[in-house]
Amino acid sequence: MSEKALICTVCESRYPFRTSFSRCPKCNEPLELEAIGTGSIKAEAYFNIFRRYGEFFPFREPYDELDLGEGMTPLVWTPALAKKYGIGAVAFKNETANPTWSFKDRGTATALRHAKILGFSRIGTVSTGNMAASVAAFGAKTGVETTILVSSDIPSEKLNPIAIYHPRLIRVHGDYSRLYSESLRLGEELGIYFMNSDVPFRVEGSKTIAFEICEQTSFRVPDFVIVPTSAGGNIRGIEKGFREFYKVGLIARIPTIVCVQAEGCSPIVKAFEKKSLVVERFSNPHTIAHAIENPFPPSGNQVLRVLNKNSGVALAVSDEEILAAQKELAETGLFVQPASASSLAALKRLVHDGALKSNHCVVCVLTGSGLKYTSVFQHYHLAVEECDISQLKPCLSHSIS
Ligand SMILES: *Cc1c(COP(=O)(O)O)cnc(C)c1O
Ligand SMILES: [Zn+2]
């Protein structure tokens, strides 16, 4: 394969694949790897995204030694919910089945390959949650020096799931919102590959979510794919994945992409509703859905461009709707964090608004595990029965329903 270029999402300037900067020096908008226009799935390569979809990556080899078993997550169909909401089919792409329990592993694994090809021996990221844990885990596996930058006010309960992997962890005092661009700038200067939220190769990792959904629906593609969105890297990747499979002729259409945010931090939705082409910083963000609480998403403008080009949708849901959806998902056996439950909350809103019909197939992306945020446990009180072992038979002989 000829070497792919990184292309500016606005001015279309081309940069070599072997550059480590992630934004256009002219527009300061995200770069994106040139779309793959020919390729096929290697059906004999099960359970490895870099082998199975190898022709859709610009890497000359799969680099198996970097794997933690990311991707190839289940698509869980819920006929009961489809019936309840009067739509054709509802399925959940269960990204909690990834090595560090969120989709971030796909992008980390992909960016790590790019870092390796470029010869970096140091990697890092800026995050307080799932991305930090993911980068720390892959750093531990591969033995590269790994630096995680966190805000100074991060609660220690959030540090523990990162600390277990033993990265270099730095609390940074000052304006946390500047850390994204400061780290990218200093990384360039000092030779540290900062695989932040929406860097081009993280987006490349996320496109495999779309590839898998295509395969798991026998290439009949859903009508809607609902994606909880913060920085915007994941939704961009998912859209790109469908676009590439469409380009190579594997699917006949691209689904309607739905961007869901929390009402307490919804900068992309606000801009979308105003028909603005630029996202503005959201003031005083506050939501229970911490993983989607970026007040100034670095890929926000590009998400708007993608939604506008494909007749996509953006909507915000309240914390109450998110908690209700989280409970409803748990009652179907899926325990996800509030950010991820926003996808079902959005589905319910679309049903309420009459946007979903009895013949529609909808996929919600469950981005990360509920076990990462155990504070919701306090909302649930189950009445526990007591019984002596000698009384077990009479106790069990009556059913509660
Ligand atoms: C990172 C993350 C998101 C948001 O993804 P972006 O690429 O930042 O838009 C959503 N849910 C979970 C659980 C996440 O960890
Ligand atoms: Zn540009």
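Start at 1 and go down the list; that is how both ligands and their atoms are numbered. Residue indices begin at 1 and follow the sequence shown. Predicted model, so just to flag it, every value in this text is computed and none were measured.
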Item to check | N, O or S atoms of the protein lying under 2.8 Å from the Zn ion (ligand 2) | outcome: Cys8 SG, Cys11 SG, Cys24 SG, Cys27 SG
Checklist entry - Considering all heavy atoms of both residues, which atom of Asn301 and which atom of Val278 are nearest to each other, and what is their separation? => result OD1-CA, 3.3 Å
Item to check | Basic-acidic side-chain contact under 4.0 Å: Lys348, Glu321 | outcome: no
Item to check | Considering all heavy atoms, the nearest Glu212-Ile49 contact | outcome: OE2-CG2, 3.4 Å
Next on the checklist: Can you tell me how the ring of Phe245 sits relative to the ring of Phe211, calling it parallel under 30°, perpendicular over 60° and tilted otherwise?
Outcome noted: parallel
Checklist entry - Are the aromatic ring centres of Phe57 and Phe201 under 6.0 angstrom apart? => result no
Next on the checklist: Is it the case that the ring center of Phe17 lies less than 6.0 angstrom away from the ring center of His114?
Outcome noted: yes
Are there any protein N or O atoms under 3.5 Å from the N or O atoms of ligand 1? List them with distances, or say none.
| residue | atom | partner | partner atom | Å |
| --- | --- | --- | --- | --- |
| ligand 1 | 7 (O) | Gly233 | N | 3.3 |
| ligand 1 | 7 (O) | Asn234 | N | 2.9 |
| ligand 1 | 8 (O) | Ala231 | N | 2.9 |
| ligand 1 | 9 (O) | Ser230 | N | 2.8 |
| ligand 1 | 9 (O) | Ala231 | N | 3.3 |
| ligand 1 | 9 (O) | Gly232 | N | 2.9 |
| ligand 1 | 11 (N) | Thr367 | OG1 | 2.8 |
| ligand 1 | 15 (O) | Lys104 | NZ | 2.7 |
| ligand 1 | 15 (O) | Asn130 | ND2 | 2.7 |

Checklist outcome for this item: One should read off an interatomic distance between Asn130 CG and Glu95 CD, to the nearest 0.5 angstrom, of 11.5 Å
Checklist entry - Does the ring center of Phe21 lie less than 6.0 Å from the ring center of Tyr15? => result yes
Next on the checklist: Check this for me, if you would: do Glu204 and Lys240 make a salt bridge, where the nitrogen-to-carboxylate-oxygen distance has to be below 4.0 angstrom?
Outcome noted: yes
